[in-house]
Amino acid sequence: MRTLLLLLLLPLMPAKAEEREIQCPGLTTYEMRFCALQSWERSNQALKDQLPQATLEKWKAATQEVCAAAYAPYRQGTIYPQMVVGCDDRLNRVLLEELKGLGG
């Protein structure tokens, strides 16, 4: 009887939790990180389509170093990865604009 009573008092949980679609720019830290990463992946792919592989690798190394230095004071915080990815994405997009101006 006690087991039956406990089962009746437990809230019913769906067998499979529904995944909520993330709407960018997002409200939670998880959503903001996800959106920043998605944006970076798009700008990185666009550069990959326009630059030779060796040039792209140098660009990625340079932007990662610059962005890491720019946000070094936040390195211990949970926001740090999102800030660095956002910085990388913004720099990618600036380069894409420059390439567009050059007919690239």
Side-chain angles (χ1 to χ4, degrees):
M1 177 71 174
R2 184 173 176 199
T3 304
L4 180 60
L5 182 59
L6 286 175
L7 288 174
L8 292 173
L9 293 175
L10 289 174
L12 295 175
M13 300 298 286
K16 181 180 176 188
E18 290 183 32
E19 287 186 24
R20 199 177 104 231
E21 187 175 324
I22 295 175
Q23 299 293 319
C24 292
L27 300 174
T28 67
T29 302
Y30 173 79
E31 291 170 335
M32 288 185 277
R33 283 185 184 174
F34 176 84
C35 295
L37 183 60
Q38 295 288 24
S39 183
W40 173 81
E41 286 176 346
R42 285 189 300 272
S43 67
N44 194 52
Q45 184 60 50
L47 285 176
K48 190 175 184 180
D49 293 342
Q50 295 187 44
L51 296 175
Q53 184 64 31
T55 303
L56 179 62
E57 292 306 317
K58 289 176 187 175
W59 173 257
K60 287 164 77 172
T63 57
Q64 288 172 0
E65 184 176 337
V66 167
C67 292
Y71 292 103
Y74 303 96
R75 187 167 283 134
Q76 300 304 315
T78 58
I79 194 79
Y80 178 75
Q82 180 184 336
M83 294 175 92
V84 172
V85 168
C87 176
D88 285 340
D89 181 45
R90 288 187 297 279
L91 292 176
N92 283 354
R93 292 181 186 285
V94 168
L95 179 57
L96 287 165
E97 282 299 313
E98 292 297 316
L99 291 171
K100 190 185 304 180
L102 298 173

With R42 via side chain to side chain donor-acceptor pair (under 3.5 Å) - residues at least two apart: none
hydrophobic_cluster_shared for V84 and I79, side chain cutoff 4.5 Å: yes
Side-chain heavy-atom pair E41, N44 within 4.5 angstrom cut-off: no
Minimal non-hydrogen separation, Y80 against Y74, with atom names: CB-O, 3.1 Å
Shortest non-hydrogen separation from C67 to L91 and the atoms involved: SG-CD1, 3.8 Å
Any side-chain donor near an acceptor of the partner, S39 and R93, under 3.5 Å: yes
Inter-residue atom distance Q82.CD - W40.CH2, 0.5 Å rounding: 15.0 Å
R33 and P81, any side-chain heavy atoms less than 4.5 Å apart: yes
By salt bridge (charged side-chain N to carboxylate O under 4.0 Å, His left out) - contacts of R75 (at least two apart): none
Heavy-atom side-chain proximity of L51 to L99 below 4.5 angstrom: yes
Side-chain touch W59/N92, heavy atoms, less than 4.5 angstrom: yes
Among L95, V94, D89, the one residue meeting side chain to side chain contact (heavy atoms under 4.5 Å, CB included) with S43: D89
Where M32 and G26 come nearest, the two heavy atoms and their spacing: CG-O, 3.7 Å
Donor-acceptor contact below 3.5 Å, side chain E31 vs main chain L27: yes
For D88, all residues meeting salt bridge (charged side-chain N to carboxylate O under 4.0 Å, His left out), sequence neighbours excluded: none
Any donor-acceptor N or O pair under 3.5 Å, side chains Q53, E57: yes
Closest non-hydrogen atom pair between L96 and Q50, with its separation: CD2-NE2, 3.6 Å
